[in-house]
Q: 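One structure follows; several queries about it will come next.
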Number of protein chains: 2
Amino acid sequence: MKTKSKTPREAGGSATLLEVARTAGVSAATVSRILNGGTRVSASKREAVEAAIAALNFKPNLLAQSLKRGRSMMFGVLTQDVDSPFFAETLLGVEAALSGTGYEPLIASGHWNPKEEADRIRRLLARQVDGMIVLFGRLSNDELQRFSEHVPVVATGHELRAPRALAFRLDSELGGYIATRHLLDLGHRSIAHITGDLAHADAVDRLAGYRRALAEAGVPGDERLVVSGNFKEPGGVMAANRLLDAGVPFTAIFAANDQTAYGARLALYRRGIRVPEDLSLIGFDDLPSSLYTTPPLTTVRQPMFEVGKLAARSLLKLVEGEPADVEIPELSLVIRETTRRLR
Amino acid sequence: MKTKSKTPREAGGSATLLEVARTAGVSAATVSRILNGGTRVSASKREAVEAAIAALNFKPNLLAQSLKRGRSMMFGVLTQDVDSPFFAETLLGVEAALSGTGYEPLIASGHWNPKEEADRIRRLLARQVDGMIVLFGRLSNDELQRFSEHVPVVATGHELRAPRALAFRLDSELGGYIATRHLLDLGHRSIAHITGDLAHADAVDRLAGYRRALAEAGVPGDERLVVSGNFKEPGGVMAANRLLDAGVPFTAIFAANDQTAYGARLALYRRGIRVPEDLSLIGFDDLPSSLYTTPPLTTVRQPMFEVGKLAARSLLKLVEGEPADVEIPELSLVIRETTRRLR
DNA sequence: CTGTTAGCGCCTTCAA
DNA sequence: TTGAAGGCGCTAACAG
């Protein structure tokens, strides 16, 4: 009974490989071999070791293993808001892709703050993650690239091409176009747009897509019908109110994302404006909950689960030194019940 | 120029403490001291070391540090569904409480599957997490307790008291009572209940609270008004449909959680039943999105963000060996617009 | 104040 | 097939 009570780690700390070796009457190397299946080991020793492992309830210390091997089998994942359904879905995709690979995601949030993002990434790197998945955020390409010098990086919502980095963005401009085009096809001509936070490229792109669709249809855009939101519900309600108060008539709203649409929907409800009878509304994202709004929301779907899966798979390849190709997932129009033909 | 190319870890792997020591012309111990601020170090050496650190862009390898110190400064967090808004909020609370403490959450999902849960926890333990936060799930108290022999554990949605474990549950029975009572106070007498998955204690408890409120008010419960859901939206729509088809009249629905209420709301919308004019509806949870449903949902609030924070704080204390007290957060009725006085 | 000496727990040549 | 030895990067006595 060796008194190891001096160890910081409290009692529970399971047995060590060396202890297993001793109780099995073999060397540590042999135990390691059995664990990692290197060279052949005699059946008798193998049995003894396995018995010892069971008896001591031995679990290899992954930390030590990582230190030795130089790979931690962890991927850092930087999200922005853990509480956003948008990120949650992406995370789920990452998790799905990683499950069973031996890699574990180490998650941190940057809260859309470049300084915080960089800080969190540095911490993850210090923990020796074998790769980084950066989900959106406001980091510059330069910074991202600099990180990629330490460890492979795949980033969504960024554009970047470096030896060990990969980034991809869904085509927000096209998405904005698709949404607006849908409204146009339904006969709408006075179409309002509630933008996202214009500090984000995606918000700018969706606005551009909206304008392109209008222009292409020969519909004169009215700048008073473009008001800014912030990708969150409260921004949606405020923007919708501003729109309604401006006195410029319109028959449809394209909201920069579903959350904005939810907010707008509430503002409309407050004023007794029916959707879609009085006004059509289209969102962007297709959050899971958009299937259950009243009425269910028409929107442009971003397959975030797929995006997460794709990011994780690509990182897996990068880490293995394989070339990582990316087939960028496509946006699609999901017609539900908040849009209808005019008149 | 030492060729370390043999190392598995690719080039980027930042400089080692020893290298810093060498380029600064001091011993490794001195560098370590400067980093961790132990004993005093002469200004000259300190400068030299700091210069070397900057020059080599040195970051201590947290893995090695953890191995040596016997603490990984990571907490394992077991959630069930990363994509559920309910868990997302709790996670956010955990994150908030941990931010700035030096601890990092290592997150894994058990998907409400006891085997998977145990498996994930074992992996986290193998990674030497210093503590575990278990968010709900179906693990038995025995299992939980067994894990707590290795490492401090705090669990939400469980009941457990062990030397190094702490668990707490919000009072679901009371919540069910509060919800039903609210409806009763509004004059409703025929109140339907869509339960959660009855394999969960919370679902059973909410049902019990519902029955108690009814009994206390002298309202004869009609078992045909109790139908089962599964805590998810689709279960809500199916249950509502069953209720509507059963032909037993009712004027209000208490849904076991908000997601179930969303589903029920959709079913109602499909049939042209207005909320709250024709039927009152109350949920349970107060998910962030319940503020933006049409109309905004009346519900029983579970302060999940607080729960997450509380769990993390308690674990922090347990790990420090301090006694962890728990003031269990309280449920509260949030009256919005889906319930109204009868007639 | 500072360097030397031992490891943390594991893996991996290198000999035997 | 197996064991001994060395070391991953860092910290913590213990001497000076």
Side-chain angles (χ1 to χ4, degrees), chain A residues 2 4-10 12-49 52-53 56 58-73 125-128 130, chain B residues 2 4-10 12-49 52-53 56 58-73 125-128 130:
Chain A
K2 29 195 69 134
K4 311 193 63 182
S5 49
K6 211 35 187 334
T7 317
R9 163 162 301 281
E10 308 276 54
S14 43
T16 139
L17 182 147
L18 191 63
E19 291 170 343
V20 171
R22 280 208 255 271
T23 87
V26 302
S27 78
T30 302
V31 179
S32 176
R33 281 183 193 111
I34 293 186
L35 253 34
N36 306 304
T39 36
R40 287 240 154 282
V41 185
S42 73
S44 64
K45 304 230 180 237
R46 156 163 269 122
E47 262 176 51
V49 169
I53 288 181
L56 300 180
F58 167 75
K59 298 281 171 207
N61 179 330
L62 259 34
L63 235 50
Q65 202 168 279
S66 297
L67 179 60
K68 179 63 200 175
R69 301 215 246 233
R71 349 178 54 193
S72 65
M73 298 305 281
L125 291 182
R127 288 203 186 274
Q128 310 300 117
D130 296 331
Chain B
K2 29 195 67 130
K4 310 193 63 180
S5 50
K6 211 36 186 331
T7 318
R9 164 163 300 282
E10 305 277 55
S14 44
T16 137
L17 183 145
L18 192 63
E19 288 169 345
V20 171
R22 280 209 254 272
T23 87
V26 300
S27 79
T30 301
V31 178
S32 176
R33 281 183 194 110
I34 294 186
L35 252 36
N36 306 305
T39 37
R40 287 240 154 284
V41 186
S42 76
S44 63
K45 303 226 181 244
R46 155 163 270 122
E47 262 175 53
V49 169
I53 289 181
L56 300 180
F58 168 74
K59 298 282 171 206
N61 179 330
L62 260 34
L63 235 51
Q65 203 169 277
S66 297
L67 178 60
K68 178 64 201 177
R69 299 215 245 233
R71 346 177 57 192
S72 65
M73 296 304 281
L125 292 182
R127 288 201 186 275
Q128 308 301 115
D130 296 329

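Worth knowing before you read on, the calculation uses all heavy atoms, side chains too, and leaves out hydrogens, waters and symmetry mates. Chain letters run A, B, ... following the sequence lines, proteins first and then strands; every chain starts at 1. For clarity, every value in this text was computed on a predicted model and none was experimentally measured.
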Q: Whole angstrom is fine here: how far is it from CD1 in B/Ile34 over to P in D/dC10?
A: 14 Å

Q: Give a yes/no on whether any side-chain N or O of A/Ser66 is located under 4.0 angstrom from OP1 or OP2 of C/dC10.
A: no

Q: In whole Å, I'd like the distance from the CZ atom of A/Arg40 to the P atom of D/dG3.
A: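 About 17 Å, once rounded to whole Å.
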
Q: Among C/dC10, D/dA12, D/dG3, which nucleotide sits nearest the side chain of A/Ala64?
A: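 Out of C/dC10, D/dA12, D/dG3, the nucleotide with an atom closest to A/Ala64's side chain is C/dC10.
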
Q: Would you find a donor on one side and an acceptor on the other, under 3.5 Å apart, between the side chain of A/Glu47 and the backbone of A/Ser44?
A: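 Not a single qualifying donor-acceptor pair exists.
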
Q: Just the rounded figure in Å: distance from P of C/dG7 to CD of A/Glu19.
A: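 Distance, rounded to whole Å: 15 Å.
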
Q: It should be established whether B/Lys68 places a side-chain nitrogen or oxygen under 4.0 Å from OP1 or OP2 of nucleotide C/dA6.
A: no

Q: For a quick test of reading the model: is some side-chain N or O of B/Ser32 closer than 4.0 Å to OP1 or OP2 of D/dA12?
A: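 Looking at the OP1 and OP2 atoms of D/dA12, neither is under 4.0 Å from any side-chain N or O of B/Ser32.
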
Q: Please report the interatomic distance CG(B/Leu62) to CG(A/Leu67), rounded to the nearest 0.5 Å.
A: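 If we round to the nearest 0.5 Å, B/Leu62:CG and A/Leu67:CG are 12.0 Å apart.
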
Q: Please give, in whole Å, the distance from C/dC8 C1' to A/Asn61 CG?
A: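 Atom CG in A/Asn61 sits about 9 Å away from atom C1' in C/dC8.
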
Q: Would you indicate, yes or no, if C/dC11 has its OP1 or OP2 atom less than 4.0 angstrom from a side-chain nitrogen or oxygen of A/Asn36?
A: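 Yes, A/Asn36 has a side-chain N/O under 4.0 Å of OP1/OP2 on C/dC11.
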
Q: Below the 4.0 Å mark, does D/dG9 have OP1 or OP2 next to a side-chain nitrogen or oxygen of B/Thr16?
A: no

Q: Could you state the interatomic distance from CG (A/Asn61) to NZ (A/Lys68), rounded to the nearest 0.5 Å?
A: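 Nearest 0.5 Å value for the CG-NZ distance: 14.5 Å.
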
Q: To the nearest 0.5 Å, how far apart are CG in A/Leu125 and NZ in B/Lys59?
A: 9.5 Å

Q: Quick check: on DNA chain C, is the nucleotide nearest B/Lys45 upstream (toward 5') of the one nearest A/Val31, or the reverse? Name the residue that is more 5'.
A: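 Result of the comparison: B/Lys45.
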
Q: Is any side-chain nitrogen or oxygen of B/Thr30 closer than 4.0 Å to OP1 or OP2 of C/dG3?
A: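 Answer is yes, contact under 4.0 Å.
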
Q: Distance check needed: D/dA15 C1' versus B/Arg33 CZ, whole Å only.
A: 11 Å

Q: Tell me: CG of A/Leu67 to C1' of D/dT11, nearest whole Å?
A: 13 Å

Q: Round to a whole Å and report the spacing from CZ of A/Arg46 to P of D/dT1.
A: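 The distance from CZ of A/Arg46 to P of D/dT1 comes to 11 Å, rounded to the nearest Å.
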
Q: Rounded to whole Å, how long is the line connecting atom CZ of A/Arg69 with atom C1' of C/dT13?
A: 16 Å

Q: For A/Gln128, is there any backbone N or O sitting under 3.5 Å from a side-chain donor or acceptor partner on A/Ser72?
A: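 Looks like yes, one N/O pair under 3.5 Å.
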
Q: OP1 or OP2 of C/dC11 sitting under 4.0 Å from any side-chain N/O of A/Gln65?
A: yes

Q: With respect to the side chain of A/Leu17, which nucleotide from C/dC11, D/dT2, D/dA12 is positioned closest?
A: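 The listed nucleotide nearest to A/Leu17's side chain is C/dC11.
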
